[in-house]
Structures are given as C-alpha cells and as structure tokens.
Amino acid sequence: MLAAQQLSSVFPLGSRLNERGRLEVGGCDTIEIAREFGTPAYVVAEDDLRARARAFIEALRARHEDFAVVFASKAFPCTAVLRLFAQEGLWCDVASAGELHLALEAGFAPERIVLHGNAKSEAELVLALERGVGVIVVDNFDEIDRLERLVGRSGGAGQAVMVRVNPGVEPNTHASISTGQADSKFGLGVNDARTAVARLAGMRGIEVVGLHAHIGSQLYSLEPFRAAVGALASVGEFPAYDLGGGLGAPYLPGDSPPSIEDWVAANVETAHELLGPDKRIMIEPGRSLVANGVVTLYSVESVKRNVSTWVAVDGGMSDNMRPMLYGARYEVHVADRFGGSVRCHVTGKHCESGDVI
C-alpha cells in the first residue's frame, strides 16, 4: 500500500515509494543515498532533466523552424547538469566568468553560449571575446564603451550582440525575482535601446543580431510574456529575438503553472504576430527545466518544542538561500515515513534567526 501511495507532482518524474516505504528518486533509495554520501545532498534525476529539455525543444520545433532553447545556467550552475543539457542540444546562458568557465568545461560549444549580465567587467568581456561566445547581450551604455575599446579596431562583422530591452512589464512575482519592470537594474528602456542599437550598428567588429528581454521568474500568467514581445517589436526589426525565460515551477501541491507547451505556444504565437514568422526565436528556461528534477536530503539534528515545534536539519541557508531571499516555500517529507503531517518550523543549523527553510 505504501509503494502505491501517490506522490505529488513536485517530485522528479518516476519518483515513487518503494516496498519499504522509502522515497525513491531516479531508481535510488534516498535513505541509502544519505547513508552513502551524507547530507545535505542534492539528488538529481537525470531522466527528468532530459525529458524536460526535450519537451521544450519539441514544443518549439512543432511551432517554429529557426529556434534555440538556452538553459539559464544560474538556475543550477553544476558541471554535470550543464553537460547533460549540452548533450541534449541546448544552448547555455551565462552571466559571469565563473558560469562561462563551467559551460565551456561542460562541453558547450562557445558559439552556443549567450553572455548577459548587468555589470560585466572588462575582464569578463575580454574572456568572452577570446573564447568566441556566440552572443553578448549588451545591458548598458558603459558596456558599449568597453566593447568599443575592445573590438572597435578589428574591422568587419565580428562579435554578435543583442541589446537587452527593459520592457516595462510588471510581472506578478516577488520583487526579488522581478526583472522586467521599468525601474530595474536590468536592460535599457525602449528609447534607450533604440539609441544603443544605433550606436552599436556603427561600431566596427560588432554585429547587432537582435534583442533580448527577460521579465522575471516563477511566473504563472502568460500575459506578461506577450507584453514583453510587444515591447521588443516596438524597438525594431532584427534577425533574432531572445524572449527570456520565467515560466514557473510547482513547489507545493496545488501549484499549477502553465505547461511547457502552453508557455511556448503563447510566446511563439505572439512572436509570429508581432515580430514575423521568419525570425530566430530563443527562449531561456531555468527553474522550469531543473526545479522539479531535484530533491534535497537533510538529516534531522534536533527537535525542540516551545511556542512552536522547531525541527533543525544539518543544512539551511548555506545550501539554499531562496526561502531567506524571497520567501520561497517547499513541500517537506520524512523520506521513510510518508503520509503523516506535523505543523512545525523546519530550520537550518546556522546562527541566524532567518535560517528557516
């Protein structure tokens, strides 16, 4: 009966309770994993990640010819995960020299790497140019100054760049993971984006291939994505458009973000209507690729009861800052005692009152 108990959709594909009543992920008993490798431990279901990568690719392929699925590597900057997505034919989005190094070590061809970020150093731009990254996403005018110094004398069509557009879209998500609103550290407003394009177009060694936008993370509504495409269309016509990511992932029972197919369809249909059907469309899923393919294992170190019940585990803010940064919530279980429930605070071990998972 325990083995037949239905797990919620937040678990990796194929997860189950085995005949001993223990959680299995990727065919592995999580209690045995904890004993062999210790805790905290991230347990990653390879088959789940591959299935989601293929779902994004197939959803795009069914609707559009010229496309790229780009993994937003900040969602899980791990060499093994990056290697898996490289094998599946994805591109990789990086925002620092460290992430660029990981992507290259994982086997991504440089021409399938997109470098963005709101505060790229000159050293990071030099590294990107030396390694031949496919696209540099220009975020601000200071960065244009740096690029002009670095590549302005090379002559001819050279480094492909996109301009990151701030679409002025207010997504319904936490402020700490909202990026598309007008008052944001990311990108240039529509008028400034036009100015940036004109300036870049006049620079030797630079080829402006398109525009980029990203409006935020953990979004459940499709309308903000449609609005962002409209903002890109207002800047001008280009060969390529990177529509960003942001599709939400379910973390709790009852969470119901749009499906991969519905999210891709909304973006492609809007792009066809406003940008034209002959453009390259790039999308950048992050958490929607990896969030539900992983579970974290902890060991309970203490249980304390005062006004509340406090269950302290052997990790916390050192391995997952999301609850502390923007109030993220998770489904929590005892790996070999599913089915019961106790109201309690699950806390980390660190000497900070905010270390509550």
Side-chain angles (χ1 to χ4, degrees), residues 9-10 12-13 47-76 81 84-93 112 114 116 134-135 137 162 164-165 167 169 171-173 177 179-180 209-233 238-251 255-293:
S9 61
V10 306
L13 300 173
D47 289 348
D48 181 290
L49 301 190
R50 291 190 186 277
R52 295 180 198 275
R54 293 169 188 174
F56 275 104
I57 290 172
E58 291 308 313
L60 262 172
R61 181 178 288 130
R63 296 168 173 85
H64 192 74
E65 183 175 346
D66 187 4
F67 68 87
V69 177
V70 188
F71 174 51
S73 67
K74 72 173 185 178
F76 201 164
V81 171
L84 181 155
F85 287 141
Q87 293 168 356
E88 291 296 330
L90 272 59
W91 289 38
C92 188
D93 166 86
R112 297 172 76 92
V114 178
H116 83 272
V135 179
V137 180
M162 287 181 159
R164 177 154 180 172
V165 179
V169 173
N172 184 21
T173 190
I177 51 176
T179 60
V209 298
L211 303 176
H212 178 291
H214 181 76
I215 58 176
S217 299
Q218 198 57 4
L219 302 179
Y220 278 33
S221 171
L222 297 174
E223 291 309 314
F225 297 105
R226 295 187 177 101
V229 175
L232 293 179
F238 300 88
Y241 296 86
D242 189 326
L243 309 184
L247 173 62
Y251 289 104
D255 288 353
S256 55
S259 68
I260 291 172
E261 291 74 17
D262 287 346
W263 182 77
V264 168
N267 276 286
V268 172
E269 289 166 7
T270 308
H272 283 180
E273 176 186 353
L274 301 179
L275 305 174
D278 58 339
K279 311 302 182 185
R280 163 162 282 196
I281 293 178
M282 304 169 72
I283 58 171
E284 293 183 358
R287 77 175 68 222
S288 55
L289 267 170
V290 298
N292 296 111

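Here the structure is a predicted model, which is why all the values come from computation and not from measurement.
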Problem set entry | Shortest non-hydrogen contact between F238 and G210, atoms and distance | CB-CA, 3.6 Å
Exercise. Looking at side-chain heavy atoms only, is the closest gap between F67 and M282 below 4.5 Å?
Worked result: no
Exercise. So, does R63 use its side chain to make a donor-acceptor pair with the main chain of N267 at under 3.5 Å?
Worked result: no
Exercise. Under the 3.5 angstrom rule, does the side chain of N292 hit a backbone N or O of V10 as a donor-acceptor pair?
Worked result: yes
Exercise. Is the distance between the ring centroids of W91 and F71 less than 6.0 Å?
Worked result: no
Problem set entry | Within-4.5 Å side-chain heavy-atom neighbours: L247 and F56 | yes
Exercise. With side chains defined as the heavy atoms from C-beta onward, is the minimum distance between P250 and P257 less than 4.5 Å?
Worked result: yes
Side chains of residues 269-277: which donor-acceptor pairs under 3.5 Å do they make with residues two or more places apart or in other chains?
from: T270; atom 1: OG1; to: A266; atom 2: O; distance (Å): 2.7
from: H272; atom 1: NE2; to: H64; atom 2: ND1; distance (Å): 2.8

For this session: Compare every heavy atom of E284 with every heavy atom of A72, then report the nearest pair and how far apart it is.
Result: CB-O, 3.9 Å
Exercise. With a 4.5 Å heavy-atom cut-off, do I215 and P167 have their side chains touching?
Worked result: yes
Exercise. Counting distance only, does the side-chain N/O of D93 pair as donor-acceptor with the main-chain N or O of V70 below 3.5 Å?
Worked result: no
Problem set entry | Pairing residues for D255 by the salt bridge (charged side-chain N to carboxylate O under 4.0 Å, His left out) criterion, not counting sequence neighbours | none
For this session: Measure from the side-chain N and O atoms of H212 to the backbone N and O of M162, and report whether any donor-acceptor pair falls under 3.5 Å.
Result: no
Exercise. S288 side chain to G248 main-chain N or O, any donor-acceptor pair under 3.5 Å?
Worked result: no
Problem set entry | Minimal non-hydrogen separation, L49 against V290, with atom names | CD2-CA, 3.9 Å
Exercise. Looking only at heavy atoms, what is the nearest atom pair of A59 and I260, with distance?
Worked result: CB-CG2, 4.4 Å
For this session: Could you grab the distance from atom OG of S221 to atom CZ of R226, nearest 0.5 Å is fine?
Result: 8.0 Å
